[in-house]
Amino acid sequence: MENGIEKKGSETEVLWQPENYYCPRPEVPSAVILLNNGISESNVKSVLQWWCNELLQGVYCDRIPKKQQPATSQEVNISQPILRSKPTLCLRIPINIWRIGASIRICVDGATNHFHHLMWQQQGATACHCPCPLPDVISGDFDSIQPDLLKLYSAEGVTIVPTPDQDETDFTKAVRVAAGLIRERQTSVNHILVVAGSNNNRFDHVLAIVATLYKAYQITSTPVVVVWGGSLFWVLGAGQHRIQVPAELCRNPSSSWCGLVPVGQAATATTTGLKWNLDHQTLAFGQLVSTSNTYQLPPGGGDVTVTTSGPLLWTMGWMTEPGLFKRKYSELQNGF
Amino acid sequence: MENGIEKKGSETEVLWQPENYYCPRPEVPSAVILLNNGISESNVKSVLQWWCNASIRICVDGATNHFHHLMWQQQGATACHCPCPLPDVISGDFDSIQPDLLKLYSAEGVTIVPTPDQDETDFTKAVRVAAGLIRERQTSVNHILVVAGSNNNRFDHVLAIVATLYKAYQITSTPVVVVWGGSLFWVLGAGQHRIQVPAELCRNPSSSWCGLVPVGQAATATTTGLKWNLDHQTLAFGQLVSTSNTYQLPPGGGDVTVTTSGPLLWTMGWMTEPGLFKRKYSELQNGF
């Protein structure tokens with residue numbers, strides 16, 4: 001497992017590889033949760049890449065309606081669109097790259113609307129060139145999803161999980177659903193990627209997302225990573241952490257920033273690899289909070305290490321330009 | 001003073017009147033700080049109202065660029081119809097302000113306060129500048145309103161804004177209130193608080209939401225006036241955090257009360273429609 005716990009001597013260090021979050025690879029199985037207002041015109045290409053990553057593992061076969069299942073298992077004609085009227089690409093994927101791997105896709109409530117209009121209906125118009133897979137689950141209290149879409153996807157076999165409990169947010173409940181699917185399928189998932197909207201008017205929603213990350217530690221051992229506009233963030237638990245920062249992030253000022261924020265409680269931390277490192281210093285609101293930090297790493301990229309006495313929110317920039325995905329995707333295609 | 005400390009029996013209660021923040025009145029003196037990327041096409045009319053009404057005006061670094069292009073150069077094109085006042089101070093480490101604008105405003109008599117210290121954010125340093133001006137002028141200011149941008153890519157900046165609010169308690173006794181898109185937020189210190197919620201906020205779902213968030217540390221709180229009230233309950237990340245809450249108040253508006261053992265971030269919606277200001281502004285004009 002690439003993102004997991006490695007024992008170094010008598011201490012346990014958690015390894016984080018953010019490149020796996022924003023630049024998906026089939027060898028790194030992930031779950032994706034789309035939050036309400038997470039998808040927009042500006043990020044739909046990236047979201048489609050994260051959402052489709054599992055396609056290359058061949059799990060898409062599950063999503064073809066029963067009447068269109070292939071006669072043999074040697075080739076799959078993934079040509080029949082389920083919910084649209086114009087014809088789509090016909091892809092034949094060789095059996096040797098099929099895997100029965102983790103592929104978990106969850107739409108939360110109103111995210112289904114944007115999924116339908118921006119992703120499902122735009123198939124073929126994106127760099128991905130893959131038919132957009134349906135979600136495994138649509139969950140939430142359903143106060144923002146278009147009712148006809150709920151009916152439509154339900155008829156297509158998408159599992160609908162109502163989560164009306166008002167004591168938890170839709171996001172927290174979606175993490176529970178994802179954790180349940182991971183257990184049920186007995187599959188290993190590197191991380192759960194959460195696509196959240198960064199252009200909004202609700203400050204309580206922003207803080208609620210962070211609150212869910214802190215709760216997620218009690219719900220699942222799979223790391224939960226949020227992508228919010230040009231930002232990534234996740235919680236580092238008490239202990240030692242190593243974050244591999246690729247060279248491309250260090251080179252661009254819009255992605256070379258980072259921060260360590262003691263959101264829920266104070267913590268004492270020591271770091272390496274940052275421009276402003278901490279040396280057994282206390283981070284706390286009202287005292288020291290590390291924001292607008294940056295990396296001090298070799299030109300080829302390197303590791304930031306963080307040792308902390310308690311949970312800390314780590315946040316960093318990532319590369320959002322479409323060119324990145326085109327290049328990586330064509331590398332993958334050439335490998336077939 | 002309308003927003004201040006009122007003694008109730010042997011306890012001290014802090015009164016908050018959010019209508020004073022988003023709907024400025026000349027009787028309520030305020031300071032305004034414009035943060036980088038705080039002004040945009042979508043909120044410039046509101047910002048101009050706040051700016052024109054304020055008695056202390058500070059532009060932080062790159063906010064000067066937007067101030068110049070969206071506010072100063074658009075005079076007469078907004079509902080305000082007032083000549084847009086210059087800032088009292090432009091502060092910051094000046095890594096984003098257009099250098100020619102810095103020269104221009106300096107020549108116009110605006111006080112330039114470089115704050116190169118990299119141990120504090122431009123916003124924290126601007127709060128110090130505002131506090132200094134308040135002391136220097138021996139003036140009473142109801143609140144410091146901070147205009148922050150809500151459409152951004154930098155999550156560290158969002159959290160840094162909250163961090164500054166916590167620090168502000170040590171810097172000034174004047175309340176510091178942030179407006180962030182359709183949200184208002186500020187810190188409630190340990191003790192008792194009363195927040196006056198006007199009817200208009202309760203009636204509209206886009207503004208009738210609110211939250212209490214234990215940023216920085218856990219706190220035990222009791223509330224009234226909310227749909228989901230707290231009764232000596234502990235708020236903490238990883239446990240209970242109050243978001244997407246709303247009001248349970250009389251039709252004419254009313255008070256939310258919060259008693260807390262430690263600092264809590266309070267956040268709520270406000271009315272962003274231009275019609276509100278037109279109506280209120282014409283009331284003011286008729287009163288002149």
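A, B, ... follow the sequence lines: proteins, then strands. Residue 1 opens every chain. As the structure is a prediction and not an experimental result, all values here were calculated from the model.
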Top contributor to chain A contacts, counting heavy-atom pairs under 4.5 Å, from [options]:
options: B:Val162, B:Val178, B:Val241; value: B:Val162
options: B:Ser244, B:Gly211, B:Pro263, B:Ala160; value: B:Ser244
options: B:Gly216, B:Pro214, B:Gly182; value: B:Gly216
options: B:Ala163, B:Gly269, B:Ala168; value: B:Ala163
options: B:His157, B:Gln217, B:Arg154, B:Gln170; value: B:Arg154

* **Geometric class of the A:Trp234/A:Tyr21 ring pair [parallel <30°, tilted 30-60°, perpendicular >60°]** => perpendicular
[X] side chain vs [Y] backbone, donor-acceptor pair below 3.5 Å:
X: B:Asn43; Y: B:Ser40; answer: yes
X: A:Thr294; Y: A:Ser256; answer: yes
X: B:Asn36; Y: B:Gly149; answer: no

Report yes if some heavy atom in the side chain of [X] is under 4.5 Å from a heavy atom in the side chain of [Y]; otherwise report no.
X: A:Leu232; Y: A:Val225; result: yes
X: B:Val197; Y: B:Pro18; result: no
X: B:Phe155; Y: A:Val206; result: yes
X: B:Val213; Y: B:Leu264; result: no
X: B:Asp156; Y: A:Asn293; result: no

Measure distances from [X] to the heavy atoms of chain B and classify the residue's part below 4.5 Å as side chain, backbone, both or neither.
X: A:Leu313; result: side chain
X: A:Val263; result: both
X: A:Ser254; result: neither
X: A:Ser198; result: both

* To do: Find the one option among A:Trp228, A:Trp257, A:Trp276, A:Tyr214 whose heavy-atom pairs under 4.5 Å with chain B are most numerous.
  => A:Trp257
* From B:Thr164 OG1 over to B:Arg128 CZ, what is the distance, rounded to the nearest 0.5 angstrom? -> 9.5 Å
* Residues of residues 277-288 of chain A contacting chain B, heavy-atom criterion under 4.5 Å, by residue number -> A:Phe285, A:Gly286, A:Gln287
* To do: Could you walk me through whether B:Thr115 and B:Ser91 pass side-chain hydrogen bond (donor to acceptor under 3.5 Å, both in side chains), step by step?
  => CA-CA 6 Å; B:Thr115 53; B:Ser91 72; 4.9 Å; no
